[in-house]
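Just the heavy atoms: all of them, side chains too, but no hydrogens, waters or symmetry mates, feed the values below. In what follows, chains carry the letters A, B, and so on, assigned in the order in which the sequence lines appear, proteins first and then strands, with residues in each chain numbered from 1.
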Number of protein chains: 4
Amino acid sequence: MSSISNQVKSLRELKRNQKNLSPSPIPNKDFTSASREEILNRVEQDYKDFKNTRTFKFPSWLYGPPKGKLFKVEVEDCPNFGDKAFVEFDSARTAFLSIDMQVDFCGPKGYVDVMGYDLGLTSAPIKPIMHILYTIRNETDIKVIHTREGHLPDLSDAPYNKILRSKIIGNGVGIGNIPDGGLGRLLVRGEKNWDIIDDLYPIPGEYIVDKAGKGAFGQSNLPLILRNLGITHLVITGITTDVCVHTIMREANDNGYWCTLIKDGTGATDYGNYQAAIKQIKMQGGVFGWVSDSSKFTKAIKSAFNGG
Amino acid sequence: MSSISNQVKSLRELKRNQKNLSPSPIPNKDFTSASREEILNRVEQDYKDFKNTRTFKFPSWLYGPPKGKLFKVEVEDCPNFGDKAFVEFDSARTAFLSIDMQVDFCGPKGYVDVMGYDLGLTSAPIKPIMHILYTIRNETDIKVIHTREGHLPDLSDAPYNKILRSKIIGNGVGIGNIPDGGLGRLLVRGEKNWDIIDDLYPIPGEYIVDKAGKGAFGQSNLPLILRNLGITHLVITGITTDVCVHTIMREANDNGYWCTLIKDGTGATDYGNYQAAIKQIKMQGGVFGWVSDSSKFTKAIKSAFNGG
Amino acid sequence: MSSISNQVKSLRELKRNQKNLSPSPIPNKDFTSASREEILNRVEQDYKDFKNTRTFKFPSWLYGPPKGKLFKVEVEDCPNFGDKAFVEFDSARTAFLSIDMQVDFCGPKGYVDVMGYDLGLTSAPIKPIMHILYTIRNETDIKVIHTREGHLPDLSDAPYNKILRSKIIGNGVGIGNIPDGGLGRLLVRGEKNWDIIDDLYPIPGEYIVDKAGKGAFGQSNLPLILRNLGITHLVITGITTDVCVHTIMREANDNGYWCTLIKDGTGATDYGNYQAAIKQIKMQGGVFGWVSDSSKFTKAIKSAFNGG
Amino acid sequence: MSSISNQVKSLRELKRNQKNLSPSPIPNKDFTSASREEILNRVEQDYKDFKNTRTFKFPSWLYGPPKGKLFKVEVEDCPNFGDKAFVEFDSARTAFLSIDMQVDFCGPKGYVDVMGYDLGLTSAPIKPIMHILYTIRNETDIKVIHTREGHLPDLSDAPYNKILRSKIIGNGVGIGNIPDGGLGRLLVRGEKNWDIIDDLYPIPGEYIVDKAGKGAFGQSNLPLILRNLGITHLVITGITTDVCVHTIMREANDNGYWCTLIKDGTGATDYGNYQAAIKQIKMQGGVFGWVSDSSKFTKAIKSAFNGG
């Protein structure tokens, strides 16, 4: 047995309740933090405001005055299930994310198809996303960002266990392989199956982020692009709800972005997982952000931009 | 309307199917990648091996020969629902994670209690984790890492929307506030409610990671500690299943760690969300890793270490 | 010899000039990027503006209108050596960084002292930083952030080679050891030698970031705090110029922050390295940002805030 | 004046020496850390070993036994100036980095040329790198990774201040512009000037990392590739020494990699900055790693692989 284990054993007689071990900070309780008080005062005020307006207002005190148009989107089951509330956006600081709407995830002979899942589920969000893109492109200054999951042709950016598991679930056809009658190597950048589907293809002025993982922070350019564009609020769609969409929403939320998922603009390989992924967001008053739908979102945009 | 929007409109007549826009790589199809072929050959071999053994073997070719003892843990619903398989670990390269087992998440007057959730659900994993810790501490060289979610006393590392939402769902009592009869400021480092519960408190030789977010990569020391310790495989427990546990498992998986969740060693604020979080992991042959339970895990350890 | 090596050898007869290998993007040259044109038009305009004003104006088009007071700081050797220029700040979006002004780096019996370096060099910036802090604290809404390099008491966040090299250069006394007559374990959090020196100790309302590395992005809360505070511009001081100060400046610059180093507010363990670190910033028109001094900086603040 | 500022002023009468403010951990001094003791014992042993052998041995206790061949490279001015020492590598866990050897940095009509710097300085490392690549490719299983700095054609991953400064120093011709008689848009992915020079072009089986910044951690695939390949030690070359080379070396060192710079395999836009960048690495017994040269490195390889 290792020396660590021996040391641990010889030490475990030590009093267990020697608490607040090393890495824990013990703040000076008498020390009044000017910083904390300022934040708590702000929150107190915004909390009262929310009780009156049911609105998460755009925080001009934090980001500065609006640069585009303000619009309010109704969100569901917030703060509690059955409630409704509103999130206010500044159009010029809003990015619309269309995540991984690639052939590999919602088209025939792609990765999801090869694994034997129902394409009807992952292709369901195509029409709602088209509808939103049409509205955004014609009327607004909202930025549009598309992501693509995929690996370098040498597979150097794919963890080995990811490749192996895909090979097993695909009965011998995994990442980097070409399925029978397939369009190209699965999940490999540059292949037709890896690219975004025709109906949702980016147009000039929109952004594309390539990423190797389910998430997009820490190993892609997404954080840099969001910062360069001055984005504070995200409107999230794409596939699959419980995998890439949820991972990116979690990362963005941890980084302070105000995230709203458009529930009919997303789909999963399993309907129960889709429903649960939506519900998980709503816990704790919105632990990862908010949930709305394409109809409420486009209605809010049109109302603000006087479109029709 | 903004100039971006105008430009976009004036450009959208351009042929939509000008594909493979800027950020996309177009590999030279004739170029045979030595790197890819080597990986695909390795995967082919391990795939055949898996079909015979149902085991995800410890990849010595990648990490070097085992430094501790090898042990095989049975995992469920892998690669397909209803199947069983095994994951092989090198004990010296395995870390056991106990995530956020803090009073704030599973004890009275803590954060989850104030929000009105059922403590029975989030405290359910305490006994299974105790059982695993007892086995690990007495018999093995497996590393133990505890995490704590919490914010600096000045709240500088808490995104404003996180504080505001906690205030609203807590009916005026959120992060940084002291609930009636509470133990201290909610989710603030150094407070009693923020610390790990007595039953699962770290002992000498174990590690503690403090983190501000749901996840732990990108803003905590966890990645550095895992690297310093030479860890390749993670065994994951803690609360809550669908929030911090899932976020860390997603991040670790994206970073190439081999992750196994111990399903009775974790709990959520909603039982349906707990069940769905377990199922989401199993999709696509294990999209975020594998699922096992405390009984199977301790049995595997005891068998390898001749303890028991 | 390994199989990779063999493969490489067997492949190297392949035509060497098969260029633009896998990961390289080949943009469609005919595709006019609306996004790029917009940025290039903006740059063209700001370039002309700079030629007239010699000023890097605060980019309201990007961040929104100023929230605090605007002030212009003269910077040296910009864009070319011998030139002077100005950087404009919005006080409410500016953070002043005081990096690692700890006993371990500029006080007796600290880490730098044990290694045998001249404390006169690393303590030189104390007075200029005091002067700036006095001005900021009395007159402005500029945020103040202090950093501390140090390791968890269990040393879990210290790379092994860092500990070993410190042991060797310290002739047996390195990170985690207590030097003869020392104040505590070198570079360990919570020890007196690790804390910030009295003269520059934070006051209420200021922020402290603890970090394990030379840099502060990727493993500390600094990026999150900067985002929470809405910071766009950094004014950088501290020690040592060529190590922690430069590393943080490089990281912040890569992340898009507008960084200005206060040259007399920083020091190194070697005067030549200090001078070179200053010069390196000025290359390529300011490859990591700009260089000014405490006198120019406080003058600019006083002028804007009508103080005196 | 802002409310923060007012609060700060009203609070500054508080006793200044209320030390160890909030974020600081106060470890329990009586608590003996099994983890720390184990590390310090290991360091003690390796320190004694170093005094006898002058060698930083490959740490098999940490990474496992060697997978390739061990070889020892002489490094200079370590631990003190005038001393010599050795670093031991496991060839199978070593990656050779060739950083940014692009036309834009060392070729005619590229970015560095347009800024008016001496191409003789940045092209000096070409021959030493060729020599090393020849040795590695013919004899070893050392991995070769090339990096390229560049921006997406829509410039979305370029911080605005980077573009503006390049425009100013280039007298109107910056990132995204095509210089007179140039090969393409400066620093834009896919352009001829952006690609790696012919003499050092990757061959099959080697890896390419594209990055937007000076560094490569946090926004590129480099960390993932290093982990996938099981790399522990880096041998670093490329341009420019004080900018991209140093930034990547700092990041890798902070992340625990054992980094050795090949001094004649690198160059800067200013010779004094080159010399200082070399010296900065050697401070504090090797604050960012070690320094060797191409002759010592290839000699060590040949000796281990019986080549030559």
Side-chain angles (χ1 to χ4, degrees), chain C residues 2 4-5 7-8 11-12 14 21 23 25-27 33 35-36 39-40 43 46-47 50 79 115 137 140-141 153-156 159 161 163-165 167-169 176 189-190 201-205 208 210 213-215 218 242-243 247 250 254 256 258 269 273 276 279-280 283-287, chain D residues 2 4-5 7-8 11-12 16 21 23 25-27 33 35-36 39-40 43 46-47 50 62 79 115 137 140-141 153-156 159 161 163-165 167-169 176 189-190 202-205 208 210 213-215 218 242-243 247 250 254 256 258 269 273 276 279-280 283-287:
Chain C
S2 83
I4 298 181
S5 177
Q7 283 185 312
V8 166
L11 283 163
R12 52 194 303 279
L14 279 177
L21 296 193
I26 302 186
S33 167
S35 168
R36 182 181 60 221
I39 292 175
L40 291 181
V43 165
D46 285 355
Y47 166 61
F50 177 85
M115 284 187 289
R137 287 167 175 171
T140 81
D141 54 355
D154 61 14
L155 300 185
S156 60
N161 54 18
I163 303 174
L164 178 58
R165 286 188 299 224
K167 181 90 173 178
I168 291 170
I169 191 66
R189 296 191 191 181
Y201 213 76
I203 63 167
I208 304 178
D210 286 316
K214 306 308 182 190
D242 53 333
V243 185
T247 303
R250 286 159 187 259
D254 260 2
W258 305 62
T269 51
N273 284 342
K279 188 178 177 189
Q280 287 165 350
M283 302 303 292
Q284 303 177 32
V287 69
Chain D
S2 83
I4 299 180
S5 178
Q7 284 184 310
V8 165
L11 284 163
R12 51 195 304 277
R16 278 290 304 283
L21 296 193
I26 302 186
S33 167
S35 169
R36 181 180 61 220
I39 291 175
L40 291 181
V43 164
D46 285 355
Y47 166 63
F50 177 84
L62 177 57
M115 284 186 290
R137 288 168 175 171
T140 81
D141 54 355
D154 61 14
L155 299 185
S156 59
N161 53 19
I163 303 173
L164 177 58
R165 287 188 299 225
K167 181 92 174 177
I168 291 171
I169 191 65
R189 296 191 192 182
I203 63 168
I208 305 178
D210 285 315
K214 305 309 182 192
D242 53 333
V243 185
T247 303
R250 287 159 187 258
D254 260 3
W258 304 63
T269 50
N273 285 342
K279 187 178 179 189
Q280 287 165 350
M283 300 304 291
Q284 303 177 31
V287 69

Asker: Do you know which of D:Asp46, D:Asn161, D:Ile39 has the most heavy-atom pairs under 4.5 Å to chain C?
Answerer: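 Answer, by heavy-atom pair count under 4.5 Å with chain C: D:Asn161.
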
Asker: Which atoms of D:Met115 come close to chain C, meaning under 4.5 Å heavy atom to heavy atom: side chain ones, backbone ones, both, or neither?
Answerer: side chain

Asker: Could you tell me which portion of C:Leu40 (side chain, backbone, both or neither) has an atom closer than 4.5 angstrom to a non-hydrogen atom of chain D?
Answerer: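 Side chain only.
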
Asker: The criterion is ring-ring contact (aromatic ring centres under 6.0 Å, His included); which residues satisfy it with D:Phe50, sequence neighbours excluded?
Answerer: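 With neighbours one apart ignored, the set is D:Phe56.
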
Asker: Sequence neighbours left out, what passes side chain to side chain donor-acceptor pair (under 3.5 Å) with D:Thr269? Give chain and number order.
Answerer: none

Asker: Let's test your reading of the structure: which of C:Thr247, C:Val287, C:Ile163 forms the most heavy-atom pairs below 4.5 Å with chain D?
Answerer: C:Thr247

Asker: Provide the closest heavy-atom pair for C:Arg165 versus D:Gly285 in the form atom of the first, atom of the second, distance.
Answerer: CD-O, 3.8 Å

Asker: Looking only at non-hydrogen atoms, find the nearest pair between D:Pro159 and C:Asp254 and report the distance.
Answerer: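 Heavy-atom minimum between the residues: CG-O, 3.9 Å.
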
